[in-house]
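Following: one structure in structure tokens, then a few remarks.
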Amino acid sequence: MGETAAGAAARPAVRERRLHPVTPLRRAWAPIAGVVFLVKQDWARDWALGLDPRWLAAGIVLLVLVAGAYGYQSWRRTYYALTDTELRIRSGLLFRRSVHIRLDRLQAVEIAEPLLARLAGVAKLTLDVLGTEAKDELAFLSKRGARELRAELLARAAGFAPEDAAEVGEAPTRELARVHPKTLAAAVALNGAALCLLLAGPVSVVLAWQFLDSLWTGLVMAISAYGLLWAVTGGRYLSEYDWTVGASPDGLRLDHGLLDRQHETVPPGRIQAVRIIRPLLWRLKGWVRIEMDVAGTHNGVLLPVADPATAQRVIAQVLPRTDIEAVREALRPAPRRAWLCLPVRWRGLGHTADDTVFAAAKGLLTRTLSLVPHAKVQSVRLRQGPWQRRLGLADVAVDTGARTVVTARLRPADQARSLVTDQAERSRTGRREAAPEQWMRA
């Protein structure tokens, strides 16, 4: 008992650190938002307008002081600390909140630099954790502090001892791919949904005028369509501008954004599935879009647009022994009787499996090839409805750790049963042969 107490006394105390001093400005909005809400009420607005101008000015000054004090006190009561095994975050002024993030469950670490934060020289650190839907964040840190903390988090999650993790520093990055702004602009312009929304504006005005005799209804519909058009064109361009994929010892680095700059690090081995998407108009250029599923994160883009050679180079970092073209050529189509279940789309279905991945294809206009490493398959299921049983068909679905499902649709029933057995064995073998999660020390 004495030795245990002595050992506990010998361990260094956990050092709690505060956020950047500009953080109170971010937290001061709450009281102001409450007043704005009240002003929107008729009785509150009438009461405020009836006040003496001097009292109104004094009230505004008091509101600013209260907001500043609230932001300052919230900042003073927010701490974070890094221990041997977890990151702890304590926050809250009225309602206290304590978060303990296990380092071995980190899925991705992202540094975000919103426009105003970039002007102030600060950044936000966002953590994607396995098993949680919401992201925990530290906002704001200095840019240098955010980079150093990210490097230390990844080093500790990779297996470095606490005394060594701080010395590791930020790992060097080797650029794998960079999307040129002109290429991204062309890809956005060749978006089929964008072209449909572009036509939807004038068409909705004409139809509303002819059949509803209401020009205003048509204008409202057109404005809504063009709002969606901006989201899939301008909004996407701003978000994916200067997209860069880099390889480093601590994972894949994703940097992108024009106004709000994002810097994400996805540790190797944490990507659960990959999708290669080929829209109809993009096939004229030979372009593809690569998306990924990572447990705990909602950012599903790995590379927004790329030629086949660049796509293969990036895929090789995630699935080293996978050749996209070889997988695509090995796809076995659905049998002809599948048209009775999907009269047109059955032609786009396909499936294959090799020593590395389970692959399933779907789509005619927009073709999607989904790849799941065998080691990431959590379960495999056979699904067969009454009509499928009559036709001798079945679906084989595999579940990943990112709560996504990849399905080989409408396979012959005997083949599907064999596939379930074979896939279960491949998954067991893949997990036994998978590289250790403590990657940088492997």
Side-chain angles (χ1 to χ4, degrees), residues 108 110-119 123 143 172-202 222 225-248 251-266 271 274-292 294 297-318 323-325 328 363-369 371:
E110 178 182 349
I111 295 178
E113 299 179 42
L115 181 59
L116 294 179
R118 291 172 68 184
L119 296 177
K143 290 184 180 181
T173 303
R174 174 174 57 88
E175 185 176 302
L176 292 174
R178 182 185 292 269
V179 179
H180 194 279
K182 290 184 179 179
T183 302
L184 180 61
V188 168
L190 291 176
N191 187 339
L195 297 177
C196 292
L197 290 170
L198 184 63
L199 296 175
Y226 287 137
L228 292 175
L229 177 63
W230 167 256
V232 299
T233 54
R236 177 176 164 186
Y237 184 83
L238 293 177
S239 174
E240 298 177 352
Y241 180 83
D242 192 31
W243 192 287
T244 305
V245 181
S248 71
L252 284 177
R253 297 280 180 83
L254 307 179
D255 301 321
H256 58 94
L258 181 58
L259 300 180
D260 295 348
R261 194 71 182 164
Q262 307 287 329
H263 311 274
E264 184 176 5
T265 301
V266 182
I271 297 178
V274 174
R275 287 181 300 278
I276 298 133
I277 302 172
R278 297 191 297 162
L280 177 63
L281 297 179
W282 285 21
R283 296 205 290 270
L284 300 175
K285 295 280 191 176
W287 291 337
V288 298
R289 177 181 177 88
I290 306 176
E291 296 182 352
M292 62 180 175
V294 181
T297 181
H298 299 290
N299 178 19
V301 182
L302 179 56
L303 192 58
V305 57
D307 58 79
T310 303
Q312 179 60 53
R313 187 164 63 249
V314 173
I315 291 291
Q317 289 294 128
V318 181
D323 186 320
I324 299 175
E325 287 304 318
R328 188 174 286 124
L364 287 176
L365 298 181
T366 298
R367 297 176 181 172
T368 302
L369 176 64
L371 308 173

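The shown structure was predicted, so the numbers you read here are calculated from the model rather than taken from an experiment.
Under the side chain to side chain donor-acceptor pair (under 3.5 Å) criterion, T368 pairs with no residue at all, not counting sequence neighbours. The side chain to side chain donor-acceptor pair (under 3.5 Å) check on R278 picks up nothing, with sequence neighbours excluded. Under the rule for a salt bridge (charged side-chain N to carboxylate O under 4.0 Å, His left out), the partners of R236 that lie at least two apart in sequence or sit in another chain are E240. Partners of E113 according to the side chain to side chain donor-acceptor pair (under 3.5 Å) rule, which considers only residues two or more places apart in sequence or in another chain, are K143, H263. The side-chain contact (heavy atoms from CB on, under 4.5 Å) search around L195 returns L281, not counting sequence neighbours.
Across all their heavy atoms, S248 and T173 have their closest contact at CB-OG1, 4.0 Å. Of all heavy-atom pairs spanning Q317 and L176, the tightest one is CG-CD1, 3.2 Å. P202 and Y226 get closest at one heavy-atom pair: CD-OH, 3.2 Å. Looking at every heavy atom in both residues, A311 comes nearest to A306 through N-CB, 4.2 Å. In terms of heavy-atom proximity, I111 sits nearest to A123 at CG2-CB, 3.7 Å. Considering all non-hydrogen atoms of both residues, L259 and L238 come closest at CD1-CD1, 4.3 Å.
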| Residues V266, M292; criterion side-chain contact (heavy atoms from CB on, under 4.5 Å); working and verdict | CA-CA 11 Å; V266 182; M292 62 180 175; 4.1 Å; yes
| task | Go through the steps for T233 and L197 under the test side-chain contact (heavy atoms from CB on, under 4.5 Å), then give the verdict. | result | CA-CA 10 Å; T233 54; L197 290 170; over 6 Å; no
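One finds the CD1 atom of I290 at 9.0 Å from the CD atom of Q312 (value rounded to the nearest 0.5 Å). Atoms CD1 and OG1, from I277 and T366 in turn, are 8.0 Å apart once rounded to the nearest 0.5 Å. How far OG1 of T310 is from CG of L303: 7.5 Å, rounded to the nearest 0.5 Å.
In this structure, the side chains of V318 and L302 come closer than 4.5 Å at one or more pairs of heavy atoms. Residues P279 and W287 form no side-chain contact, since every pair of their non-hydrogen atoms from C-beta on lies 4.5 Å or further apart. For the pair R289 and P304, the minimum side-chain heavy-atom distance is below 4.5 Å. For the pair L252/I271, a side-chain contact is recorded, criterion being any heavy-atom separation below 4.5 Å from C-beta on. For the pair V288/W282, no side-chain contact is recorded, criterion being any heavy-atom separation below 4.5 Å from C-beta on.
Within the structure, side-chain hydrogen bond (donor to acceptor under 3.5 Å, both in side chains) contacts touching residues 177-195 (residues at least two apart or in different chains) are E175-R178, R178-D242, R178-T244.
With hydrogens and angles ignored, the 3.5 Å screen pairs no side-chain donor or acceptor of R367 with any backbone N or O of G363. Counting only distance, with no hydrogens or angles, the side chain of H256 and the backbone of Q262 share no donor-acceptor pair below 3.5 Å. Side chain of D260 to main chain of L115: a donor-acceptor pair is present (N/O by atom type, distance under 3.5 Å, no hydrogens or angles).
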